[in-house]
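Below is one structure, written out as structure tokens, with a few remarks after it.
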Amino acid sequence: MPTWSETIKTKRRDLSITQDQLALRLGITRQHLQRVESGKANPSSSLQMQIDQVLNRWQVAPELNLIFDYVRIRFPSHDIEFLLDQLLHLKLDYMLFEDWGLYGYAAKYVFSNIQIMLSPPNDQLGTLLELKGQGCREFESILLAHNQTWFDFFRTCQTEQAVFKRLDLAINDTVGMLNIPELIDKCERNECISVMRRFQGLRSGPMNDPEHSGQGATLYIGSLKSDIYFCIYEKDIEQQEKHGVAVEYAPIKNRFEIRLKSDRATKAVEDLLVYRDAERTAFGIITRYLKFVDYRAHKEREQWPINAKWQHFCGRNRQTLRLTLAPEPFDLRKTKAWIQKQVAPMLKVLLKIDDYHGTNETLTMIHDAALQKKHLKLLEQQTIGHDELGGGLY
């Protein structure tokens, strides 16, 4: 009889699933999965159950997945070289220095979308790491290159007595499980039961369009100034506006963001590290603060039934939510997008004029352009060999 480890390995191969794909869905490293399949590691009963469930209900893409979309952490240390080398796996020589910072910090080091704010040595502010959306994706590349996960990183941050200032948990809805305009309508009809006292529904799109083509909707629940609030929006339409991706081909339909600050962020990290269960952490927060119901005449509001779509989103008859990684290489995406929209058309005009007159002025102008120190540092960052950074993901 085949062992359990042999069985899951065979099932994974029969489904044409790579170890990387399954490991990402499970929220573990490929190396650990490899040891489990080979019988060299004895997984816990919960991990065994999780692997069985994922393989039994495998789809090409999960209905929901969770990523970290904003991370801000303050370290009491001023030892920037230690933080860069030991925690972030970056080298000081590769960082772009800027003599200004945010949140009261005096300066910062930048590598693509990864920012480290600095304060004077005697200042209690210490050092601040800020990773916005793309910065999180780039940092995941570093983590994977060093065979680490967010759990490893957060645990190290705790060891260094770091303070979690902000954490955004982004739940990606890949199948259109939620309908954002309907949720806005429910809020307006008082069919949202929440301890939060405010909501804001925003709708945007082209005017004078009877088909409402390209219209997007965003719903904020809670005060944007509080330590916790929710932002729910139509991600596919946002991507269409930003990158021209057709809505029907967008990999993410909606996004439900849990935005946490200070103690709320700290408690979420602690819960994740103790239970390593994204479903428990994310939906524990959501269901504590929010539920959508359906109106029923002649009944008290508290007795209105929970909306079926909301129940499904919160866990009924769907796949378990997993923390996943979506690593991306360092690039100049925003700069390239700006050039494509603002600069490239005029460059094309100038090149055509040169071609007409038989001149080479435009190319000569680009060739002779003087590069400042920040341009040279960007060039160095974007041309670093993968061996120097510790992995082939760059």
Side-chain angles (χ1 to χ4, degrees), residues 64 66-72 102-103 130 132-133 136 163-173 176-205 212 215-238 241 252-272 278-297 299-315 321:
L64 300 178
L66 180 132
I67 61 174
F68 295 118
D69 201 53
Y70 193 114
V71 175
R72 191 192 301 157
L102 301 170
Y103 318 114
E130 182 173 59
K132 295 183 180 179
C136 289
V163 177
F164 293 89
K165 302 296 292 182
R166 178 170 166 180
L167 181 72
D168 287 7
L169 307 177
I171 300 174
N172 293 322
D173 172 9
M177 200 174 292
L178 295 177
N179 184 307
I180 314 304
E182 282 185 8
L183 296 184
I184 295 175
D185 291 340
K186 280 188 168 293
C187 287
E188 293 172 348
R189 295 196 302 264
N190 204 26
E191 293 179 17
C192 175
I193 298 177
S194 175
V195 296
M196 296 174 170
R197 297 182 179 180
R198 296 182 59 83
F199 81 89
Q200 183 180 18
L202 304 174
R203 307 174 197 253
S204 63
H212 299 288
Q215 187 174 28
T218 301
L219 173 61
Y220 294 96
I221 298 179
S223 170
L224 274 60
K225 296 181 180 180
S226 69
D227 285 351
I228 176 172
Y229 68 94
F230 304 124
C231 175
I232 318 166
Y233 61 98
E234 295 178 302
K235 182 71 173 178
D236 54 356
I237 295 179
E238 180 205 53
E241 292 295 316
I252 302 170
K253 302 303 178 185
N254 303 308
R255 175 170 283 181
F256 190 115
E257 294 184 359
I258 307 169
R259 299 182 178 178
L260 307 166
K261 300 176 185 176
S262 303
D263 287 345
R264 303 286 185 179
T266 298
K267 289 178 180 178
V269 171
E270 290 173 349
D271 195 80
L272 282 166
E279 176 84 29
R280 171 197 162 91
T281 301
F283 282 97
I285 297 170
I286 292 172
T287 55
R288 162 70 176 82
Y289 287 93
L290 183 67
K291 67 177 177 180
F292 287 91
V293 297
D294 294 330
Y295 169 78
R296 291 293 183 270
K299 283 191 176 184
E300 295 292 330
R301 183 165 173 263
E302 294 296 330
Q303 296 179 336
W304 293 354
I306 299 177
N307 177 263
K309 289 183 180 179
W310 182 251
Q311 283 184 311
H312 181 49
F313 175 71
C314 290
L321 177 71

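The shown structure was predicted, so the numbers you read here are calculated from the model rather than taken from an experiment.
- Closest non-hydrogen pair, I258 versus A282, comes out as CD1-O, 3.6 Å.
- Annotation: side chain of Y220 is not in contact with side chain of F199 (no heavy-atom distance under 4.5 Å).
- D263 meets the salt bridge (charged side-chain N to carboxylate O under 4.0 Å, His left out) test with no other residue; sequence neighbours excluded.
- Under the salt bridge (charged side-chain N to carboxylate O under 4.0 Å, His left out) criterion, R197 pairs with no residue at all, not counting sequence neighbours.
- Residues meeting the side chain to side chain donor-acceptor pair (under 3.5 Å) test with R264, sequence neighbours left out: Y289.
- To the nearest 0.5 angstrom, L183 atom CG is 7.0 Å from I221 atom CD1.
- Within 6.0 Å of NZ on K267 lie no more than 12 heavy atoms contributed by other residues, nucleotides or ligands.
- Under the side-chain contact (heavy atoms from CB on, under 4.5 Å) criterion, E302 pairs with I193, not counting sequence neighbours.
- In this structure, the separation between CD1 on I232 and CG on L178 is 7.0 Å, given to the nearest 0.5 Å.
- Taking each heavy atom of R259 and C231 in turn, the nearest pair found is NH2-SG, 3.6 Å.
- Pairs passing the salt bridge (charged side-chain N to carboxylate O under 4.0 Å, His left out) check and including a residue from residues 177-187, sequence neighbours excluded, read E182-K309, D185-R203, K186-E191, K186-D294.
- With contacts defined as side-chain heavy-atom distances shorter than 4.5 Å, the pair C187/F292 qualifies.
- No side-chain heavy atom of C136 sits less than 4.5 Å from a side-chain heavy atom of I67.
- Remark: S223 engages K225, S226 in a side-chain contact (heavy atoms from CB on, under 4.5 Å) (not counting sequence neighbours).
- What you find for I228 and M196 is that their closest heavy atoms are O-CE, 3.7 Å.
- For E279, the side chain to side chain donor-acceptor pair (under 3.5 Å) test picks out R318, with sequence neighbours left out.
- Minimum heavy-atom separation, F164 to A265: O-CB, 4.0 Å.
- Taking N179 as the reference, nothing meets the side chain to side chain donor-acceptor pair (under 3.5 Å) condition, with sequence neighbours excluded.
- Taking all atoms of both residues into account, the shortest heavy-atom contact from R296 to P305 is CG-CD, 3.5 Å.
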When you look at I180 and N254, which way does the side-chain contact (heavy atoms from CB on, under 4.5 Å) test go after all the steps?
-> CA-CA 8 Å; I180 314 304; N254 303 308; 3.7 Å; yes
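- Here the CG-OG1 distance, from L272 to T281, works out to 3.5 Å after rounding to the nearest 0.5 Å.
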Please report the C-alpha distance between I285 and F230 in whole Å, then the side-chain angles of each, then the deciding distance to 0.1 Å, and finally whether the side-chain contact (heavy atoms from CB on, under 4.5 Å) criterion is met.
-> CA-CA 10 Å; I285 297 170; F230 304 124; 4.2 Å; yes
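- Listed by chain and residue number, nothing satisfies the salt bridge (charged side-chain N to carboxylate O under 4.0 Å, His left out) test with D173 (two or more places apart in sequence, or in another chain).
- Residues forming a ring-ring contact (aromatic ring centres under 6.0 Å, His included) with F313 (at least two apart in sequence, or on another chain): F256, F283, W310.
- The salt bridge (charged side-chain N to carboxylate O under 4.0 Å, His left out) test applied to R301 returns no partner, not counting sequence neighbours.
- Scanning all heavy atoms of the two residues, the minimum distance from L169 to L260 falls at CD1-CD1, 4.4 Å.
- Interatomic distance, CZ of R255 versus CG of D236, reported as 11.5 Å (0.5 Å rounding).
- In this structure, OG1 on T287 lies 12.5 Å from CD on Q311, to the nearest 0.5 angstrom.
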Run the side-chain contact (heavy atoms from CB on, under 4.5 Å) check on I252 and E234 step by step: do they pass?
-> CA-CA 9 Å; I252 302 170; E234 295 178 302; over 6 Å; no
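- Shown here are the side chain to side chain donor-acceptor pair (under 3.5 Å) partners of Y103, two or more places apart in sequence or in another chain: Y70, R72, E130.
- Note that the CG atom of L66 and the CD atom of E257 stand 10.5 Å from one another [nearest 0.5 Å].
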Would you please test V269 and L167 for side-chain contact (heavy atoms from CB on, under 4.5 Å) and show each step?
-> CA-CA 8 Å; V269 171; L167 181 72; 3.8 Å; yes
